[in-house]
Amino acid sequence: MPEISLTPQMVLRFKKEFGERVAILHSRLTQNDRAKEWYSIYTGEKQVVLGVRSAIFAPVKNLEYIVIDEEHENSYKQDSNPRYNAKYVGIKRAELENAKVILGSATPSIESYYYAQKGIFQLYEIENRYKDAKLPEIDIVDMKKEEDNFFSEKLLLEMRNALLKKEQIILLLNRKGYSTLIQCEECGHMEECEHCSIKLNYYSSNGSLKCNYCGISKRFTGHCSKCGSDKLSFSGRGVERVEEELRKKFPVNIIRVDGEVAKEKDFYENMYNDFLAGKYDIMIGTQMISRGLHFPNVTVVGVINADTIMSIPDFRSGERTYQMITQVAGRAGRGDKDGKVIIQTYQPENYIIEKIQENSYKNFYEKEIEKREILFYPPFSKVINIGISSEKEEGLEEYCYEVLKAIQDEKIEIYGPMKSLVYKVKGRYRCNIFIKGDRKSINDYKKSLEEKIKKIESKNYRIVVDVDPINLI
C-alpha cells in the first residue's frame, strides 16, 4: 500500500480473513517489532505481508502474488538513496521468482494503462462499485463567481443538508499549515527559510514557522523579523486556516488529518476508528485522506481548491490532479446513501476538471496520452533527471556545463542545465539536466553514463542520477 494511513483499515480486513498469518510492515514499528515480523515472514509462520513501500523486500518464501494497491501513487518511489520504485521492483521480483503481479487502481498511471492497452499488461476492469453502490454526483463550482474564498454557497448547502441527516463529510485541501506566505504590511518583508529558497509556512496549531523542504522550524512571534511590526498579512490558505473558518460556520465535531497531527502515536488507527464510529462529523485533510478509506456514512465530499497541483510545471501535473480529485470523490456514497461531490476551482474550463466531472478515466486517458505522444513523454520515452548541487553558488553553472559536455550523446535529447524550480534546498544550490529518449536508447545510454560522470566527479559538487523520476522539482 502507498500510505501508512491505510494500514489500520487494511489490517482489520486482512486479519478477519487470514487470522494470525498476516505480517504488518511500516515505518511506525519499533526496531524490535520489525525484526520479529521479518523473522516470522522468513520462517514461513506468516504467509501474507501487508505493508508500505519497503515491504516489497520482505523475505517471503514460495512467493505467489504481489498486489500493489493504488499503483499510481508517487509514494512508491523513494527519492533518496537507494532510489527505487516499489512498483517496478515488484514487477522484477515477480519475474525472478515466477510470481504474479496485480496492479490495482481506479485511476491507473498513464504508463500502466498504456501498457495494458498494448497487451504488455493484462487488463481486468471492474465495472461496478462494491455492492453496486451508485457513483456520486459531481458538481463543479467556479470560485471566480463566489464571494467567499473558502466555501461556495453550493458546498455550504450540501454540507448543511448532510449534517441535518446525521451524515458525514470529507473536505480536501492539499496544503499543510495555516498560511503558505506571511508578509509584513509595513516593510514588505516575507518570512523565508535561511537554508532554502522558499517561503516559510505558518502553523497555527503549534505557533511555528516551518520550511516544508528542510524541516527547520522556529517560533512565530507575531511580529516581522525584519522591522518588528505586528501588521502581517497571511496569504495562501492551508488546511489549518480552512479548519478555523469551518468551525465558525458549523459547531460540530471536526477532525483534521495532515502530516503534522499524523506524527502522534496511533493517530491513524484512532482517526479511522473514531470517524467510522461517528465520533466526528467532518474530516478535513490533505491528500492523505484522498484514497482507500471506506466510510459508508460519508455522503458529501468537498474539494476546497482543485488547482493546487495543476499549476506545477511538470508533465505529470494534470495526471496527478485527476487522480487525487477522482480518488477523494470516490469516498462519497460508498454505502447505501447517495453521494455528492463539490469541486471548487478557478479553472472550470480546464479539460482535467471536465474529465473529472464526466467520471470517465478512459476519456481523460485519451486526451492525456495524445499530449504525451506529441511531446514525446513517457510512456513513449524514458527520462533521466540529473541533479547537480553545491553549497556554493559560484562556479555551479560552469560545472554544470562541464557535466553537460561530458554526457553528450547524439542518440538522446538533453535539456539544460537549468536551475531547479526550488533553487536552494538545505543549503545547497541546485541545477538539473533533463534527458529524454526512446527505451532502447536510454537503456544503452545508462550503461555508459556512470563512467562518464565518474570522470568529472568533484568533491565540491554532488551529482544525483534519477532514472524514471517522479518529481522534477
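Nothing fancy with the numbering, it's 1 onward along the sequence.
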* **Rounded distance (nearest 0.5 Å) linking atom CZ of Phe376 with atom NZ of Lys436** => 7.0 Å
* Test side-chain contact (heavy atoms from CB on, under 4.5 Å) applied to Val298 and Arg334, step by step -> CA-CA 7 Å; Val298 170; Arg334 297 177 68 85; over 6 Å; no
* To do: Mind jotting down which residue pairs meet the salt bridge (charged side-chain N to carboxylate O under 4.0 Å, His left out) criterion with at least one end in residues 424-435? Sequence neighbours excluded, please.
  => Glu391-Arg428
* **Within residues 343-364 or reaching into it, pairs that qualify as salt bridge (charged side-chain N to carboxylate O under 4.0 Å, His left out) - sequence neighbours excluded** => Glu125-Lys362, Lys355-Glu358
* To do: Start with the C-alpha gap between Asn460 and Lys392, add the side-chain angles, then the distance that decides, and say whether side-chain contact (heavy atoms from CB on, under 4.5 Å) holds.
  => CA-CA 8 Å; Asn460 296 322; Lys392 294 182 180 180; over 6 Å; no
* Flag for Thr107-Gln327: side-chain donor and acceptor within less than 3.5 Å -> yes
* Asked: Salt bridge check: are Lys411 and Asp444 linked by an N-O gap of less than 4.0 Å?
  -> no
* Side-chain donor/acceptor of Ser179 to backbone N/O of Ile182, under 3.5 Å -> no
* Do Ser225 and Glu191 pass the side chain to side chain donor-acceptor pair (under 3.5 Å) test, and can you show the C-alpha distance, the side-chain angles, and the key distance before you say yes or no? -> CA-CA 8 Å; Ser225 61; Glu191 301 295 338; 2.9 Å; yes
* To do: Kindly determine whether Glu451 and Lys455 satisfy salt bridge (Lys or Arg N to Asp or Glu O under 4.0 Å), including the steps that lead there.
  => CA-CA 7 Å; Glu451 288 301 318; Lys455 292 178 181 178; over 6 Å; no
* Could you label the plane-to-plane angle of the Phe295 and Tyr272 rings as parallel, tilted or perpendicular, counting under 30° as parallel and over 60° as perpendicular? => tilted
* To do: Take the angle between the ring planes of Tyr178 and Tyr202 and call it parallel below 30°, perpendicular above 60°, tilted in between.
  => perpendicular
* Might you work through the side-chain contact (heavy atoms from CB on, under 4.5 Å) test for Val383 and Ser381, ending with a clear yes or no? => CA-CA 7 Å; Val383 296; Ser381 66; 4.2 Å; yes
* Only counting residues at least two apart or in another chain, list the ones meeting salt bridge (charged side-chain N to carboxylate O under 4.0 Å, His left out) with Arg462. => none
* Donor-acceptor under 3.5 Å (His189 side chain, Cys187 main chain) -> no
* Ring centers of Phe121, Tyr113 separated by less than 6.0 Å -> no
* Could you state the interatomic distance from CG (Asp409) to CD1 (Ile442), rounded to the nearest 0.5 Å? -> 9.0 Å
* Asked: Does NZ or CZ of Lys87 lie under 6.0 Å from the centre of the six-membered ring of Tyr76, at an angle within 45° of the ring axis?
  -> no
* Asked: In this structure, are over 12 heavy atoms from other groups packed under 6.0 Å from Gln31 atom CD?
  -> no
* Asked: Hey, are the side chains of Lys77 and Tyr88 touching, using non-hydrogen atoms and a 4.5 Å cut-off?
  -> no
* Asked: How far does CD1 of Ile284 sit from CD1 of Ile254, to the nearest 0.5 angstrom?
  -> 8.0 Å
* To do: Take Tyr84 and Lys92 through the test side chain to side chain donor-acceptor pair (under 3.5 Å) and record every step on the way to the result.
  => CA-CA 12 Å; Tyr84 69 93; Lys92 186 63 179 178; over 6 Å; no
* Does Ile312 offer a backbone N or O that forms a donor-acceptor pair with the side chain of Ser317 under 3.5 Å? -> yes
* Asked: Under 3.5 Å, is there a donor-acceptor pair between the Tyr445 and Lys382 side chains?
  -> no
* To do: Please check if the side chain of Glu319 supplies one atom and the backbone of Ile110 the other of a donor-acceptor pair under 3.5 Å.
  => yes
* Got a sec: does the CD of Glu398 have more than 12 other heavy atoms crowding it under 6.0 Å? -> yes
* Return each pair, listed once, that meets salt bridge (charged side-chain N to carboxylate O under 4.0 Å, His left out) where at least one residue sits in residues 174-189; pairs must be two or more places apart or across chains. => Glu186-Lys231
* Would you please name every residue forming a salt bridge (charged side-chain N to carboxylate O under 4.0 Å, His left out) with Arg237, sequence neighbours left out? => none
* Taking the side chain from Lys340 and the backbone from Val300, do they hold a donor-acceptor pair closer than 3.5 Å? -> no
* Would you say the side-chain atoms of Asp307 pair up with the backbone N or O of Met310, donor to acceptor, closer than 3.5 Å? -> no
* Sidechain-backbone polar pair: Thr180 side chain, Gly236 backbone, donor-acceptor under 3.5 Å -> yes
* Look up atom CG in Asn174 and atom CG in Asp258, then write down how far apart they are to the nearest 0.5 Å. => 10.5 Å
* To do: Look at the side chain of Glu73 and the backbone N and O of Pro2, then say whether any donor-acceptor pair between them is shorter than 3.5 Å.
  => no
* Decide side-chain contact (heavy atoms from CB on, under 4.5 Å) for Phe150 and Leu246; before the verdict, give the C-alpha distance in whole Å, the side-chain angles of both, and the deciding distance to 0.1 Å. => CA-CA 9 Å; Phe150 292 90; Leu246 189 62; over 6 Å; no
* Asked: Are side-chain N/O atoms of Ser152 and Gln344 paired as donor and acceptor at under 3.5 Å?
  -> yes
* **Main-chain N/O of Glu111 paired to Arg372 side chain as donor or acceptor, under 3.5 Å** => no
* To do: Please name all residues satisfying salt bridge (charged side-chain N to carboxylate O under 4.0 Å, His left out) with Lys248, sequence neighbours left out, ordered by chain then number.
  => Glu245
* Asked: Hey, are Asp142 and Lys144 close enough for a salt bridge, meaning a charged N less than 4.0 Å from a carboxylate O?
  -> yes
* To do: Run the salt-bridge test on Glu457 and Lys454 with the 4.0 Å N-O cut-off and return the result as yes or no.
  => no
* Asked: Is the side chain of Arg34 donor-acceptor paired with the backbone N or O of Thr30 at a distance under 3.5 Å, no angle test?
  -> no
* State whether a side-chain donor-acceptor pair under 3.5 Å links Ser112 with Glu71. => yes
